[in-house]
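Everything on this sheet refers to the single structure shown next.
All figures in this text were calculated on a predicted structure; none of them were measured in a lab. Residue numbers begin at 1 in each chain, while the letters A, B, ... track the order of the sequences.
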Amino acid sequence: MSILTKQISEEIINSIILAQSDGLLPDFDLPDHIHLSNPKQIEWGDYSSAFPLQMSKQLSLSPISIAESIQKKLISNTMFENVTVSKPGFLNVTLSVDWLCASVEAVLEKGSSFADLQEFEGKEAQVEFVSANPTGPLTVGHGRGGVIGDTLSNLLTSVGYKVTREYYYNNAGRQMQILGESLRIRYLQSLGRDLSLSEHHYQGDYLVDLSTQLVDNYGDSLVESHWKEFTKIAEENIASQQHSTLSDLNIVMDILYNEQSLYEDGSVDNVIEILKSKGLAYEKDGALWFALTILGGSEDRVIVKSSGDPTYRLPDISYHCNKLERGFDLVVDVLGADHKDSFPDVLLGVQAMGYDSTKIKLLMHQFVNIKGQRMSKRSGNYITLDNLIEEVGADVVRFFMLMRTSESHLDFDVDLAREQSEKNPVYYVQYAHARICSILDRAESIVANDSDKVIINLTHESERVLMRKLLELSDTIDRSVRELSPHYLTNYARDLASSFHAFYGACKVLDVENIQLSKSRINLVKAVQIGLLRALELLGVTAPESM
RNA sequence: GCCCCUGUAGCUCAAUUGGAUAGAGCAGCGGACUUCUAAUCCGCAGGUUAGAGGUUCGAGUCCUCUCGGGGGUACCA
């Protein structure tokens, strides 16, 4: 099944061609797509296009006359019940009930993949997300990135990509030493030694918890151990906790990419050599600088400090080259706003290394602000992702994280999220599914074991809207992928649920007085269930059968 | 100082990338369950889209300036 608006667009273009061959319209270069929007007034139909307005100047014709010429050819199309032209020069189409019914029948035939697209069949994509340092528990910000990345991965899969979910495991550099030292000090404190952390050490309670575990398991046998031993223990422990947190959110990574390996296999040195040989790296003040200004960047940056340690930009460049070397057609970095500045530098580095950096896309998200009574910050501690999941549940976390566009700040209202009531949009959507299940259970007793998929004559306005909304899932998936904006899916799920609830209120599905109509409505409800389940599946939210 | 994001109803946000009379939810008010789940539905009210200019048939959306909020601006990641 193809995208709904694309089908309409093709019909309009065909009508333009017909109008041209009849001399109703002059010849002009046809666009490959007619842009359609959902008009605000019911009398303007299901979709409308401003195409006649846009072409008016070029063709030296009035918008109305262009629209009327297209209308003359489009009106006989059985896909449409009505084609109208309105004031400044809009072309409006109303889908025919027969066409809608037949399309919904096709949903039943195709099942849950009905809205999937084959556009990127055979292509491979990599989505890198979360990529937290193994130095502490995941934050709610990581949670946002995680949910965005995972849902985007689902979406990319639904348009044909083979997707690799990847977590860049940042376990090299000085921060790991600090982690080891911090744990060592906590451990010695647990044994009663009078020591304290410095300002730069990791202050969180999680290292205290870990150190008491160490005392329980090893007693004082680790007293003489080097910080490196403690780093190893802390890293393993924290990483496994991070992944257990992610798995609570239904997120499973395919690959944990180890930063350390970039040093071990010489990739990082290779980047230095190539940049040097191209005259893009130079020594100054004992450090090695990347000459970004030559490549159009805003300013040169240090890639190897005078201490001999690389800055994060260097392994980042190396890592992104490695991604492209693995042959991905699309690489998406899901990053928090704090990383935004370095992204262009990495792209320039990748380009300088001779790779096609246009395959790498950025999906940046802003931070999460936690609002609510019981989640107020305790002294010295911040709210972890674990706390949040425990407080409101995984479904709610996933849904709320995807309610806003990723580039806007997200106010996470914990009081609202915790509320199991009509105020909570997650339950609104899930309740629609539970209602559907309930209807379908009862349907068995009225129309026993009926396997035919016929849908006819669903003419009520709420039925029309519901059918159209269901068929728009393909548009939503397409747009979410095109714009790397998974939040459209959340809006879609709410809209579809809303259309269903309105239909439920207006139309009795199970009506013993009218078996034929009941059969069609039951089939419609089955199709809506398929669509709603699919949307929730892509969002990673469960669909309870009763509530 | 400079760069990026952002400012829309009392609150939280949409608005299909420049289209028609700016839409939802919550909060407020009024209706609808002896009838498929009332975690629902229907209706009312709520706006100078921060402000001022500009671009054009047409601006919440684009350009300039001013004012608020956030982030960055490291030889941290």
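With rounding to the nearest 0.5 Å, the separation of CG in A:Leu74 from CD1 in A:Ile16 is 9.0 Å. Interatomic distance, NZ of A:Lys284 versus OG of A:Ser306, reported as 12.5 Å (0.5 Å rounding).
Taking atom C1' on both B:U49 and B:A24, the two are 16 Å apart, rounded to the nearest angstrom. B:U21 and B:A59: their P atoms are spaced 10 Å apart (whole Å). Between B:G47 and B:C57, the distance separating the two P atoms is 32 Å to the nearest Å. Look at the C1' atom in both B:A9 and B:G28: the space between them is 13 Å, to the nearest Å. Rounded to whole Å, the separation between the P atoms of B:G60 and B:C76 comes to 47 Å. Nucleotides B:A74 and B:G69 are separated by 23 Å at their P atoms, to the nearest Å. Taking atom P on both nucleotides, B:C4 is separated from B:G46 by 39 Å, rounded to a whole Å. Distance check on atom C1': B:C63 versus B:U56 gives 13 Å, rounded to whole Å.
Across all strands shown, B:C44 pairs with B:G28; the Watson-Crick or G-U wobble distances both stay below 3.5 Å. Pairing for B:U35 is absent, judged as Watson-Crick or G-U wobble with the two contacts each under 3.5 Å. Across all strands shown, B:U73 pairs with B:G1; the Watson-Crick or G-U wobble distances both stay below 3.5 Å. In a base pair of the Watson-Crick type (N1 to N3 plus N6-O4 or O6-N4) or a G-U wobble (N1-O2 and O6-N3), with each distance short of 3.5 Å, B:A9 is matched with no nucleotide.
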With sugar-phosphate taken as primed atoms, P, OP1 and OP2 and all else as base, the protein-contact string of nucleotides 72-77 of chain B at under 4.0 Å (heavy atoms; B, S, -) is S-SBSB
Sugar-phosphate or base contact per nucleotide [nucleotides 29-36 of chain B; S, B, -; heavy atom under 4.0 Å] = ------SB
Give the table of side-chain donor-acceptor pairs shorter than 3.5 Å for residues 494-503 of chain A, with sequence neighbours excluded, one pair per line with atom names and distance.
| unit_1 | atom_1 | unit_2 | atom_2 | d |
| --- | --- | --- | --- | --- |
| A:Ser499 | OG | A:Asp495 | O | 2.9 |
| A:His501 | ND1 | A:Arg435 | NH1 | 3.1 |
| A:His501 | NE2 | A:Tyr428 | O | 3.2 |

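Scanning both residues, A:Leu363 and A:Pro486, for their nearest heavy atoms gives CD1-CD, 4.2 Å. The nearest pair of heavy atoms linking A:His460 to A:Ala506 is CE1-CB, 3.6 Å. A pairwise comparison of heavy atoms in A:Val334 and A:Gly149 identifies CG2-CA, 4.0 Å as the closest pair. Taking both residues in full, the closest heavy atoms of A:Leu388 and A:Val140 are given as CD2-CG1, 3.7 Å, listed atom of the first, atom of the second, then distance. Nearest heavy atoms, A:Leu262 versus A:Ser318: CD2-OG, 3.5 Å. When all heavy atoms are compared, the tightest approach of A:Lys469 to A:Tyr492 is O-OH, 2.9 Å.
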Step by step, would you call A:Phe129 with A:Tyr167 a side-chain contact (heavy atoms from CB on, under 4.5 Å)?
-> CA-CA 6 Å; A:Phe129 56 108; A:Tyr167 186 125; over 6 Å; no
Taking it one step at a time, do A:His142 and A:Thr139 satisfy side-chain contact (heavy atoms from CB on, under 4.5 Å)?
-> CA-CA 5 Å; A:His142 293 129; A:Thr139 64; 3.1 Å; yes
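With RNA chain B read from its 5' end, the first of the two nearest nucleotides for A:Met364 and A:Ala434 is the one closest to A:Met364. Both A:Ser546 and A:His487 sit near RNA chain B, but only A:His487 has its closest nucleotide nearer the 5' end.
Cation-pi geometry between A:Arg479 and A:Tyr488 is met: the NZ or CZ atom falls under 6.0 Å from the ring centre, inside 45° of the normal.
For the pair A:Phe400 CZ and B:C26 C1', the computed distance is 11 Å after rounding to whole Å. Distance CD (A:Gln366) to C1' (B:G69): 11 Å, rounded to an integer number of Å. Look at NZ on A:Lys57: it is 13 Å from P on B:U55, rounded to the nearest Å. A straight line from CZ of A:Phe399 to C1' of B:A39 spans 14 Å, rounded to a whole angstrom. A:Ile436 places its CD1 atom 13 Å from the C1' atom of B:U40, with the value rounded to the nearest Å. Rounding to whole angstrom units, CD of residue A:Gln58 and C1' of B:U56 are separated by 17 Å. For the pair A:Leu36 CG and B:A15 C1', the interatomic distance rounds to 16 Å; values are reported in whole Å. In this structure, CD of A:Glu407 is placed 8 Å from C1' of B:C5, rounded to the nearest angstrom.
Of the residues in residues 489-498 of chain A, none has a non-hydrogen atom less than 4.0 angstrom from any atom of RNA chain B.
The pair A:Arg442-A:Glu444 does not meet the salt-bridge criterion, since no charged nitrogen lies less than 4.0 angstrom from a carboxylate oxygen. At a threshold of 4.0 Å, the pair A:Arg464-A:Asp46 counts as salt-bridged, since one of the basic side-chain nitrogens sits closer than that to a carboxylate oxygen. Using a 4.0 Å cut-off between charged side-chain N and carboxylate O, A:Arg174 and A:Asp309 make no salt bridge. One finds a salt bridge joining A:Asp333 and A:Lys323 here, because a Lys/Arg side-chain nitrogen approaches an Asp/Glu carboxylate oxygen to under 4.0 Å.
Around the CD atom of A:Gln260, the shell of radius 6.0 Å holds more than 12 heavy atoms that belong to other residues, nucleotides or ligands.
A close approach under 4.0 Å does occur between a side-chain nitrogen or oxygen of A:Tyr431 and OP1 or OP2 of B:A39.
Within 4.0 Å of A:Glu472, counting heavy atoms only, lies no atom of the nucleic acid at all.
Ring orientation note: the planes of A:Phe412 and A:Phe400 are tilted relative to one another, at an angle of 30° to 60°.
Regarding the sugar-base torsion, B:C33 falls in the syn class, its angle being within 90° of 0.
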Each nucleotide N or O in nucleotides 19-21 of chain B that has a protein N or O under 3.5 Å away: list the pair and distance.
| unit_1 | atom_1 | unit_2 | atom_2 | d |
| --- | --- | --- | --- | --- |
| B:A20 | OP2 | A:Lys40 | NZ | 2.6 |
| B:A20 | N6 | A:Ser48 | OG | 2.9 |
| B:A20 | N6 | A:Asn92 | OD1 | 2.8 |
| B:A20 | N1 | A:Ser86 | OG | 2.6 |

Is there any protein nitrogen or oxygen under 3.5 Å from a nitrogen or oxygen in nucleotides 9-13 of chain B, and what are the pairs?
| unit_1 | atom_1 | unit_2 | atom_2 | d |
| --- | --- | --- | --- | --- |
| B:U12 | O2' | A:Arg404 | NH2 | 2.8 |
| B:C13 | OP1 | A:His409 | O | 3.4 |
| B:C13 | O5' | A:Arg404 | NE | 3.4 |
| B:C13 | O2' | A:Arg404 | NH1 | 2.7 |

